[in-house]
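One-based numbering, in listed order, for ligands and for the atoms of each.
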Amino acid sequence: MVRPFCRDETLARLRAGAPAVLPSLLACDFANIEREVRAVEALGVSALHLDIMDGHFVPNLSFGLPVVEAVRRISQLPLDVHLMIDNPGDYLERFRAAGADTLTIHVEVASDPRPLLDRIRSLGAVAGLALNPPTPLSAIEASLPHCDIVLVMSVMPGFGGQRFDRRALEKTRALKMNPNCNALLEIDGGVTVETISECAEAGTDLFVAGTSVFHTADYAAAIGQLHSLAAAQ
Ligand code: DX5
Ligand code: ZN
């Protein structure tokens with residue numbers, strides 16, 4: 001069993017790797033998940049992004065604990081677990097035990113996310129808070145000191161391959177300027193060679209990329225090009 005990382009270690013790796021392209025396994029070939037994980041791991045990515053969907057918070061189902069646990073067994077990388085579920089508080093301990101290194105919850109399902117974020121930290125994981133495109137930054141302002149990562153959604157969550165929503169850029173810029181925000185800034189949805197430069201310019205540290213990595217013939221070229229564009233800003 002590959003051991004999970006502690007919070008400081010995960011944060012240090014993510015900070016050192018930034019700007020970092022994090023492949024989202026949602027777009028990988030699940031019939032060959034081990035091969036897919038090893039392929040991107042060999043390219044030196046900083047972490048893997050895993051999308052958990054419950055069919056309630058988002059209108060789609062993806063995968064859950066057994067897949068996180070299976071990926072943990074075959075990968076040395078930090079696992080960035082994005083919980084698109086209605087009741088994250090019921091599952092934090094189980095996802096951490098399965099091998100999650102970061103746990104990101106959505107503000108839309110938590111009237112006060114602070115106790116949940118603190119619980120994630122107390123489990124030794126990195127605490128992330130996500131907000132959907134229509135959700136204003138004011139919804140997370142009070143929680144910023146409790147966040148290690150702010151995940152700015154640039155699509156409505158639920159599906160890969162959607163068009164980038166530019167409202168994410170404005171939010172990222174504002175977070176970058178906010179003295180109360182020391183979190184890493186992550187963007188998720190529609191990140192491609194057309195959109196990544198603007199995301200980087202706005203201040204994004206971590207770029208989730210599903211379709212623009214796994215639906216290409218050459219992952220090395222795809223990640224290399226995305227990374228160079230992000231690093232050029
Ligand atoms: C969307 C997920 C994303 C998804 C992104 O609900 O949170 O992580 O994998 O996919 P692309 O990169 O294809 O937009
Ligand atoms: Zn995601």
Close side-chain approach of L131 and V152, heavy atoms under 4.5 Å = yes
Can you give me the OD1-the Zn ion (ligand 2)-NE2 angle for D51 and H49, to 10°?
-> 90°
Per-ligand residue contacts, ligand 1, heavy-atom threshold under 4.0 Å | S24, L26, H49, D51, M53, H82, M84, M153, P157, G158, F159, G160, G161, D188, G189, G190, V208, A209, G210, T211
Indicate if V150 and L14 have the same hydrophobic cluster label, given that clusters are the connected sets of ILVMFWY residues with side-chain heavy-atom separations under 4.5 angstrom.
-> no
Drop me the distance from E93's CD to S122's OG, to the nearest 0.5 angstrom.
-> 7.5 Å
Is there side-chain contact between L169 and F164, with at least one heavy-atom pair below 4.5 Å?
-> yes
Please name the atom of H82, restricted to N, O or S, that is closest to the Zn ion (ligand 2).
-> ND1
Examine V109 and I120 and state if one hydrophobic cluster contains both, with Ile, Leu, Val, Met, Phe, Trp and Tyr joined whenever side-chain heavy atoms are less than 4.5 Å apart.
-> no
Considering residues, nucleotides and ligands other than R163, do more than 12 of their heavy atoms fall under 6.0 Å from its CZ?
-> no
Of the N, O or S atoms in D188, the one nearest the Zn ion (ligand 2) = OD2
Between F95 and L83, is any pair of side-chain heavy atoms under 4.5 Å apart?
-> yes
